[in-house]
Peer 1: 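The following block contains the structure, expressed as structure tokens.
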Amino acid sequence: MFKKIKILSYFFKKNLFAILILTPAVIYLVGFLLIILFKVVELSLTHITPKAPLFPSVYNFIELSKNPEFKEAFFRTILFTFIGTPLELLIGMVAAFLLAREFIARGIIRSLFILPLAIPSIVTAIILYIMFDYPGGHINNILMGNHSFFPFKVISYPINWRGSGFFAILVSIFGKVWRDMPISMLIILAGLQSIEKDQYEAAQTMGAGAMQTFIKITLPLLTPAISTLLILRSIEMWKEFIFPFILAGSYPLLATLIERAYHEWRDPYEASTIALILLVLIIISTILIFYLLKWLKKRLVKI
Amino acid sequence: MKLKRINTSEIIWLIGIIIMILIILFPIFVMFKYSISDRASVVTGGKPIPLWPYHPTIEQFKTLVTTDRFISAALCSIEVALTSVIISLIIGTPAAYALVRYRFPGIMVLATLLISVRLFPDIVSVVPVVEIFIKLRLINTKIGVALAHSLLSIPYVIFIAMGVFETIPKDLDEQAQIMGASKLYSFVRVILPVALPGLAAAAIYVFLLSWDEFIFAYFILAFGNLSTLPVMLQKILSWTPQHNLLAAISVMLSIPVIIFTFIVQKYMRAGATAGAVK
Amino acid sequence: MATVKFEQVFKRFGRNLVIKNLNLIIKDGEFVTLVGPSGCGKTTTLRMVAGLEDITSGKLYIDDIIANDVPPQKRGLAMVFQSYALFPHMTVAENIGFGLKIKKYRKDEIIKKIKWAIELLNLDGLEERLPRELSGGQRQRVALARALVLEPKVLLLDEPLSNLDAKLRLKMRAELKRIHRKLRSTVIYVTHDQVEAMSLSDKVAIMNEGSIFQVGRPTDVYNLPENLFVAGFIGSPTMNFFDAKIIKKDEKLFIEFAGAKLLIPKRYQKKCANYLNKDVIFGIRPENIYEKRFSKIKSVKENTMDVIVDVVEPLGDRDMVEVTKEGIEFSCLLEPEAKVKPDELIKVVFDLSKSHIFDKDTKKNIIY
């Protein structure tokens with residue numbers, strides 16, 4: 001016991017400076033986070049009655065489960081994430097493969113492909129709001145064949161993009177994928193560049209075709225990059241707020257439903273309940289993806 | 001001389017590049033086009049909106065820079081961003097130094113923990129933060145927004161600054177200490193000046209992060225008189241304003257981000273892929 | 001000026017014991033070199049003196065005061081790192097004045113001292129340059145000036161010459177010697193280059209695997225290596241070693257190897273008696289083997305053998321000659337005038353008074 005105290009005091013003396021300069025960051029980040037977590041749980045378990053607030057109570061959860069708006073938001077969020085994540089990955093991968101070879105002005109094209117990352121999300125959302133306007137937005141005009149460079153009448157009546165749940169979510173996904181695609185592209189590009197040329201050449205000398213090289217060499221070596229992307233980008237998709245908020249205002253996702261509960265229903269308790277449910281969903285999904293990837297890796301190695 | 005034969009895979013590649021460029025550039029083009037559109041090119045009375053304005057004009061920008069509302073929002077954005085740069089650098093930089101230079105059990109876990117705070121969903125934390133800020137009277141204040149933004153940016157500062165400190169040889173610290181400098185003195189007078197260029201990149205990154213942040217700014221400033229530029233954009237959206245004005249604000253909001261992104265591209269990438277590559 | 005003393009010092013990094021029972025006394029004004037192969041613990045030892053590494057157990061005295069827990073700031077030492085560790089954002093003068101400023105010297109005193117150091121190391125005219133504008137040799141001198149200006153109790157040098165090219169290294173070596181003679185400060189010098197160690201120091205400590213294998217004056221460790229490691233490490237070209245056996249013939253002890261029997265000198269006979277008919281390791285330096293015609297000692301049957309020349313490398317003043325006898329190879333430094341040629345059969349004479357015999361198990365020098 002005495003010895004332990006001695007070792008501990010030695011440790012503090014030795015690392016005093018490190019501890020001192022680490023403390024503010026630890027307090028700020030971890031402290032903030034703990035308070036936030038505590039507050040979310042506290043609010044979501046509080047039931048306001050005319051007499052006195054009831055705690056703990058699952059009232060908010062029961063109320064929410066009866067709320068059709070919550071159910072719809074829940075399914076929209078799943079739709080958004082399940083389409084958005086793979087789509088962003090796919091487009092990022094396509095962009096990375098397009099850049100993977102040597103060509104003139106590669107640097108410029110590469111910078112161009114990163115450009116969306118330099119446009120603030122809110123700005124992207126506003127531009128899409130203008131482009132997908134009803135009835136006279138650019139997209140409607142083009143699809144109706146109103147411009148000479150694209151004289152095909154794909155639709156005869158303008159689409160009310162923001163007025164339909166399906167289209168509104170679709171446009172939101174488009175915005176999210178457009179803006180965040182460079183992140184996927186950069187990570188996959190880094191993964192591609194870490195593959196040695198020798199490995200391709202070795203495969204080619206063994207008579208492998210382009211398709212075979214891709215499946216047998218490129219994809220397996222890209223798995224670490226794809227795995228990280230899948231986990232990080234799916235978290236981003238679950239919690240996406242700006243695009244659905246601006247582009248699908250009448251068709252909330254869980255993230256935008258939090259805003260609606262807080263600002264329109266004036267109910268921080270219900271808002272926190274939704275937030276907590278979203279957080280749990282994200283954690284479960286992350287763990288599931290993690291184990292799914294692990295399982296897939298095992299299977300891949302076996303083959 | 002024979003013409004070089006172009007095979008199908010190269011044609012597919014070329015088409016792919018062109019389609020990607022079109023998809024990426026079209027919305028950006030639309031933004032710039034609207035921002036210089038005259039009224040007649042936006043309110044067309046049923047005719048399709050032209051792809052290039054009938055009479056390009058910088059009228060919107062002129063209006064904006066003389067509108068109090070816009071100026072105060074821009075100033076608010078700048079003030080919030082600078083405050084959050086200061087807070088997050090003061091808190092994040094020393095922590096990053098300790099995480100790089102000291103090796104005691106659990107320090108790597110701590111580093112990972114601090115950096116992964118950024119993965120915590122902002123939309124989940126926003127309601128409790130606002131509830132707490134109401135009690136602390138930080139709601140509708142610039143410092144409130146800056147504090148919230150620092151929560152988002154400190155992990156990035158730690159990540160970028162750790163990379164910077166790793167490139168500075170430990171010999172410098174040790175040399176300073178042998179010469180009689182305290183740890184604080186050698187950090188402030190020897191290491192920080194050497195790290196300055198790298199830390200400048202971190203500062204720009206934090207500035208941009210705050211400049212275009214929407215969620216916290218919106219929740220904290222939703223019902224007050226203050227607005228940052230992103231919040232202002234959202235607020236005027238609800239009065240169905242003219243699209244050319246919206247686009248002009250968007251351009252003003254984007255230009256600093258575009259410029260700085262390409263200046264600190266190397267570090268932006270590091271930030272964007274933070275945690276992905278160890 | 002100060003003394004440094006290690007008393008049963010151990011250092012552990014996690015599970016690795018990197019310094020094992022180090023005992024060493026460094027006297028006031030002495031130039032002591034720690035020399036050994038990389039990873040032998042010499043730099044760790046130096047860093048323990050500087051206070052940059054904790055001492056796991058044992059005691060370190062600086063000026064007869066236990067210094068184990070004294071922080072580096074308060075030890076009053078100076079150190080020159082292998083990388084020089086010049087502060088890149090400060091000019092030469094600012095670098096040199098850094099320590100003085102911390103120690104709160106008066107401004108005019110600082111200027112005077114900087115001037116003294118600049119003159120001592122011939123750095124005139126470079127005061128306002130930044131480190132990146134200096135050549136390697138100049139940086140090295142700035143690092144030295146920065147250390148010396150503090151008038152340290154002990155000056156610690158960690159491979160200071162290893163980043164210089166060969167010519168500059170020789171020049172700086174001489175400079176170091178000159179400065180030490182002038183200032184007479186206590187110096188601990190770390191290097192892996194045994195030639196550097198021999199030429200610079202009053203005393204060398206040869207280290208291997210965390211222990212000191214021998215401490216002594218350069219000539220002593222060269223002429224009388226205590227053990228096989230020191231014998232093989234010190235000296236260039238390196239000593240020849242043979243698996244040998246001690247045998248008795250006509251009441252005299254002979255050393256037998258490569259099919260030859262050589263007479264052990266009289267004064268070693270007694271020490272070798274215990275090893276009769278036992279396997280030992282016989283060692284002799286290439287420069288102590290002569291071609292018969294040019295031999296410095298008398299050639300007799302008991303010190304001469306026939307060998308076949310394998311390779312001849314002219315070094316200028318001498319020829320480095322690889323020879324074989326019954327499949328066993330060794331090298332000798334011969335007079336170029338002997339004009340030996342490959343595949344030639346020559347007679348070589350062993351100067352056995354300068355040879356060494358090592359115990360095969362303990363690796364100790366029997367005749368030490």
Side-chain angles (χ1 to χ4, degrees), chain A residues 11 15 17-18 21-22 24-26 28-29 32-33 35-36 39-40 43 94-95 98 109 111-124 126-128 130-131 136 138 141 146-147 178 183 186-187 190 228 232 235 238-239 241-242 246 255 258 262-263 268 271-272 275 278-279 282, chain B residues 13 16-17 20-21 23-24 27-28 30-31 34 44 48-49 51 91-92 94-95 97-98 102 104 113-114 117 119-125 127-129 131-132 150-151 154-155 158 183-184 212 214-215 222 230 233-234 237 243 246-247 250 253-254 257-258 261-262 265 269 272-273 276-277:
Chain A
F11 171 83
N15 298 302
F17 183 65
I21 60 177
L22 266 171
V26 173
Y28 203 100
L29 294 182
F32 231 130
L33 212 61
I35 293 173
I36 286 168
K39 197 81 189 167
V40 169
L43 287 173
V94 169
L98 287 175
I109 302 284
S111 297
L112 203 73
F113 280 17
I114 302 171
L115 201 54
L117 211 52
I119 308 291
S121 293
I122 183 80
V123 169
T124 310
I126 296 282
I127 302 168
L128 294 189
I130 296 172
M131 274 168 62
H138 273 298
N141 273 329
N146 283 343
H147 291 289
W178 184 88
I183 300 176
L186 286 173
I187 294 180
T228 8
L232 293 180
I235 295 177
W238 282 114
K239 70 177 183 130
F241 176 79
I242 296 177
I246 301 288
I258 294 173
Y262 193 63
H263 283 157
S272 297
L278 182 59
L279 181 65
I282 292 175
Chain B
W13 172 81
I17 288 268
M20 279 299 282
I21 292 176
I23 292 176
I24 287 170
I28 298 171
V30 168
M31 170 171 73
Y34 268 95
T44 50
I49 290 168
L51 281 178
I91 292 180
Y97 176 73
Y102 286 80
F104 48 78
L113 181 77
L114 292 182
V117 166
L119 291 178
F120 195 83
D122 42 6
I123 189 66
V124 172
S125 39
V127 170
V129 165
E131 287 290 307
I132 296 163
S150 304
L151 180 65
I154 290 173
I158 292 179
K183 281 172 180 160
L184 182 67
D212 63 16
F214 175 70
I215 299 176
L233 257 184
Q234 192 277 331
L237 196 63
H243 289 168
L246 271 178
S250 297
L253 185 55
S254 309
V257 191
I258 295 173
T261 300
F262 288 101
Q265 218 189 63
R269 255 178 247 159
T273 58
V277 197

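The shown structure was predicted, so the numbers you read here are calculated from the model rather than taken from an experiment. To find a chain, count down the sequence lines: A is the first, B the second, and so on, and within it residues start at 1.
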Peer 1: Where on A:Tyr28 is there a heavy atom nearer than 4.5 Å to chain B: the side chain, the backbone, both, or neither?
Peer 2: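 Both the backbone and the side chain of A:Tyr28 come within 4.5 Å of chain B.
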Peer 1: What is the minimum heavy-atom distance between A:Leu98 and B:Trp13, and which atoms define it?
Peer 2: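 Minimum heavy-atom contact is O-NE1, 2.8 Å.
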Peer 1: Let me see the working for A:Ile36 and B:Leu151 under side-chain contact (heavy atoms from CB on, under 4.5 Å), right down to the final yes or no.
Peer 2: CA-CA 12 Å; A:Ile36 286 168; B:Leu151 180 65; 4.0 Å; yes
Peer 1: Taking all heavy atoms of B:Val127 and all of A:Pro268, pick out the closest pair and write down the distance.
Peer 2: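 The pair with the smallest heavy-atom distance is CG1-O, 4.1 Å.
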Peer 1: Any side-chain heavy atom of A:Ile119 within less than 4.5 Å of one from B:Ile258?
Peer 2: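 Sidechains of B:Ile258 and A:Ile119: in contact.
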Peer 1: Begin with the C-alpha distance, continue with both residues' side-chain angles, and end with the deciding distance and a verdict on side-chain contact (heavy atoms from CB on, under 4.5 Å) for A:Leu117 and B:Thr261.
Peer 2: CA-CA 8 Å; A:Leu117 211 52; B:Thr261 300; 5.6 Å; no
Peer 1: In Å, rounded to the nearest 0.5 Å, how long is the span from CD1 of A:Ile122 to CG of B:Leu233?
Peer 2: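 Going from CD1 on A:Ile122 over to CG on B:Leu233, the span is 6.0 Å.
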Peer 1: To the nearest 0.5 Å, what is the distance between CG (A:Leu29) and CD1 (B:Ile91)?
Peer 2: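 The CG atom of A:Leu29 sits 8.0 Å away from the CD1 atom of B:Ile91.
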Peer 1: Can you confirm whether B:Asp212 sits close enough to A:Ser121 that some side-chain heavy atom of one is under 4.5 Å from a side-chain heavy atom of the other?
Peer 2: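 The answer is no, as the side chains (C-beta and beyond) never meet within the 4.5 Å cut-off.
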Peer 1: How close do B:Pro94 and A:Ile21 get, heavy atom to heavy atom, and via which atoms?
Peer 2: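 Distance-wise, the nearest heavy atoms are O-CD1, 3.3 Å.
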Peer 1: Do you know the tightest heavy-atom contact between A:Leu22 and B:Leu114?
Peer 2: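 Scanning both residues, the minimum pair turns out to be CD2-CD1, 4.5 Å.
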Peer 1: Among B:Val117, B:Ile21, B:Leu113, B:Leu237, which has the most heavy-atom pairs under 4.5 Å with chain A?
Peer 2: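 Most pairs with chain A among the choices: B:Leu237.
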Peer 1: Which bit of B:Ile158 comes within less than 4.5 Å of chain A, counting heavy atoms only: side chain, backbone, both or neither?
Peer 2: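 Answer is side chain: those atoms of B:Ile158 sit under 4.5 Å from chain A.
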Peer 1: Pick one of side chain, backbone, both or neither for B:Leu184, based on which atoms fall under 4.5 Å of a heavy atom in chain A.
Peer 2: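 The answer is both parts of B:Leu184.
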Peer 1: How far does CD1 of B:Ile132 sit from CZ of A:Phe32, to the nearest 0.5 angstrom?
Peer 2: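 Going from the CD1 atom of B:Ile132 to the CZ atom of A:Phe32 covers 7.0 Å.
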Peer 1: Can you see which heavy atom on B:Pro128 is nearest to which on A:Val40, and at what distance?
Peer 2: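 Heavy-atom minimum between the residues: CG-CG2, 3.1 Å.
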Peer 1: Heavy atoms, side chains only, cut-off 4.5 Å: are B:Val129 and A:Lys39 in contact?
Peer 2: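 They are not in contact (no side-chain heavy atoms under 4.5 Å apart), so the answer is no.
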Peer 1: Distance from A:Phe113 atom CZ to B:Ile17 atom CD1, nearest 0.5 Å?
Peer 2: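 Result: 4.5 Å between the selected atoms.
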Peer 1: With a 4.5 angstrom heavy-atom cut-off, which part of A:Ile235 approaches chain B: side chain, backbone, both or neither?
Peer 2: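 The side chain, not the backbone.
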Peer 1: Identify which of A:Leu43, A:Asn141, A:Ile282 forms the greatest number of heavy-atom pairs closer than 4.5 Å to chain B.
Peer 2: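 Most pairs with chain B among the choices: A:Asn141.
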Peer 1: What's the separation between atom CG in B:Asp122 and atom NZ in A:Lys239, rounded to the nearest 0.5 Å?
Peer 2: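 The NZ atom of A:Lys239 is 4.0 Å from CG of B:Asp122, to the nearest 0.5 Å.
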Peer 1: Please find the pair of heavy atoms, one from B:Pro27 and one from A:Met131, that lie closest to each other, and give the distance.
Peer 2: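 For B:Pro27 and A:Met131, the tightest heavy-atom pair comes out as CA-SD, 3.8 Å.
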Peer 1: Check each atom of A:Val94 against the heavy atoms of chain B and say whether the ones under 4.5 Å are side chain, backbone, both or neither.
Peer 2: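 Interface part for A:Val94: neither.
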Peer 1: Looking at A:Ile127, A:Ile130, A:Ile126, A:Thr124, which hits side chain to side chain contact (heavy atoms under 4.5 Å, CB included) with B:Met31?
Peer 2: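 Between B:Met31 and the candidates, side chain to side chain contact (heavy atoms under 4.5 Å, CB included) is satisfied uniquely by A:Ile127.
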Peer 1: Can you tell me how far the NZ atom of B:Lys183 sits from the CG atom of A:Asn15, to the nearest 0.5 Å?
Peer 2: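 Here the interatomic distance stands at 7.5 Å.
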Peer 1: May I ask you to decide if the ring planes of B:Tyr102 and A:Phe17 are parallel, tilted or perpendicular, using 30° and 60° as cut-offs?
Peer 2: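 Rings of B:Tyr102 and A:Phe17: tilted, as their planes differ by 30° to 60°.
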